[in-house]
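This report refers to the structure that appears directly beneath it.
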Amino acid sequence: EEMEYTIVLPETGSYVMHGDWTIEPMGMVIGGITGFAITIRDMLINLTGYDIPVSALNLLLNVPILICSIKLKGLRFFLWAMFGTVALSIMLAIIPIGAFFEDDFVFAAIVGGVLSGLSMGMIFFSGKSTGGTDLVATLIALKSNRVSQSAALFVVDGIVVVFGLSVFGVYKSVYGLLSLMIMFKV
């Protein structure tokens, strides 16, 4: 079981790096509860001037999803999802945001899509979760024998990107969709 922790942490770290180094600095969103949290944070900043850390919003937004996972997947899965969610939120707080691809939206979308695709693939392959939309997709796939986990994740993340359109605009959202499509091809 200790070996499983060493698998989940790098997966989570690479997912945070894709967001903190390629997506967030460019003002794009490619989905996920973290993407939803980024969108909400930016909306709050625009409306009120108040900045709530994405890490805190990520934890808060995951609470109802985690509660649903106990009932549908059991305590053991819930504990792993909770571990993944907390690890992700801590890494969001400590890994610095850096714009490595200044104004190169295409390159940022490609690198972000590849990094997120690799990390989400490893997370799904390990049977674990970082909470968020991957957990929502797992629960949808569990309840429906006709919808795969990856198809459910694509739809849920697509909804988050469309929501982000209202904050980030069409230009950045199109690049977010490009990155999302790359993520699902990796």
Side-chain angles (χ1 to χ4, degrees), residues 1-20 23 29-41 52-95 112-164 176 179-186:
E1 193 163 296
E2 293 83 22
M3 184 62 150
E4 291 176 312
Y5 290 102
T6 62
I7 293 170
V8 172
L9 290 174
E11 295 163 353
T12 303
S14 67
Y15 185 76
V16 170
M17 286 185 280
H18 106 274
D20 281 2
I23 303 303
V29 62
I30 68 164
I33 291 297
T34 305
F36 190 54
I38 291 168
T39 304
I40 289 172
R41 187 211 52 216
I52 299 174
V54 171
S55 56
L57 286 169
N58 185 68
L59 273 175
L60 181 67
L61 293 169
N62 267 292
V63 169
I65 301 166
L66 289 166
I67 291 169
C68 288
S69 76
I70 295 171
K71 182 177 181 183
L72 296 173
K73 292 286 280 180
L75 182 61
R76 182 170 170 76
F77 185 85
F78 162 77
L79 292 173
W80 274 109
M82 177 65 94
F83 173 75
T85 300
V86 171
L88 181 84
S89 295
I90 290 170
M91 288 183 194
L92 282 168
I94 63 173
I95 293 176
V114 169
L115 279 174
S116 62
L118 288 172
S119 60
M120 292 310 298
M122 291 185 295
I123 288 165
F124 281 165
F125 184 74
S126 71
K128 305 295 183 258
S129 174
T130 59
T133 56
D134 64 296
L135 181 52
V136 171
T138 300
L139 298 176
I140 290 171
L142 179 69
K143 293 302 270 182
S144 170
N145 58 358
R146 298 182 314 182
V147 178
S148 71
Q149 187 177 18
S150 60
L153 183 61
F154 184 75
V155 170
V156 173
D157 281 352
I159 291 168
V160 173
V161 172
V162 169
F163 177 69
S179 191
L180 184 64
M181 289 189 291
I182 291 168
M183 178 177 113
F184 282 94
K185 292 294 181 187
V186 170

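Because only heavy atoms are used, hydrogens play no part in the values below, and waters and symmetry mates are left out as well, while side chains stay in. Sequential numbering from 1 along the given sequence is applied to the chain's residues.
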Inset, instruction - Classify the angle between the aromatic ring planes of F163 and F36 as parallel (below 30°), tilted (30 to 60°) or perpendicular (above 60°). - result: tilted

Inset, instruction - Report the distance from atom CD1 of I33 to atom CD1 of I38, rounding to the nearest 0.5 Å. - result: 11.5 Å

Legend entry - Backbone N/O of L66 and side chain of S69: donor-acceptor pair under 3.5 Å: yes

Inset, instruction - Give, for atom CG of L72 and atom CZ of F77, the distance between the pair rounded to the nearest 0.5 Å. - result: 10.0 Å

Inset, instruction - Search all heavy atoms of S148 against all heavy atoms of A151 and return the closest pair with its distance. - result: OG-N, 3.0 Å

N/O donor to acceptor pairs below 3.5 angstrom from side-chain atoms of residues 81-89, sequence neighbours left out:
residue	atom	partner	partner atom	Å
T85	OG1	A81	O	2.8
T85	OG1	T130	O	3.2
S89	OG	N58	ND2	2.8
S89	OG	T85	O	3.1

Inset, instruction - May I ask you to test the K71-F78 pair for a side-chain heavy-atom distance under 4.5 Å? - result: no

Distance-only donor-acceptor hits, side chain of residues 139-146, under 3.5 Å, sequence neighbours excluded:
residue	atom	partner	partner atom	Å
S144	OG	R146	N	3.3
S144	OG	V147	N	3.4

Inset, instruction - Please report the closest heavy-atom contact between D157 and M183, naming both atoms and the distance. - result: OD2-CE, 3.7 Å

Inset, instruction - Taking all heavy atoms of Y15 and all of G32, pick out the closest pair and write down the distance. - result: OH-CA, 4.4 Å

Legend entry - Nearest non-hydrogen partners of Q149 and A137, listed with the distance: O-CB, 3.5 Å

Legend entry - Least distance between heavy atoms, I23 atom then S179 atom: CD1-OG, 3.7 Å

Inset, instruction - Let me see the working for L61 and I40 under side-chain contact (heavy atoms from CB on, under 4.5 Å), right down to the final yes or no. - result: CA-CA 11 Å; L61 293 169; I40 289 172; 4.1 Å; yes

Inset, instruction - Can you measure from NZ (K185) to CG (L180) and round to the nearest 0.5 angstrom? - result: 11.5 Å

Legend entry - Inter-residue atom distance K73.NZ - L135.CG, 0.5 Å rounding: 9.0 Å

Legend entry - Between CG on residue L79 and CD1 on residue I70, distance to nearest 0.5 Å: 8.0 Å

Inset, instruction - Search all heavy atoms of S55 against all heavy atoms of L92 and return the closest pair with its distance. - result: CB-CB, 3.9 Å

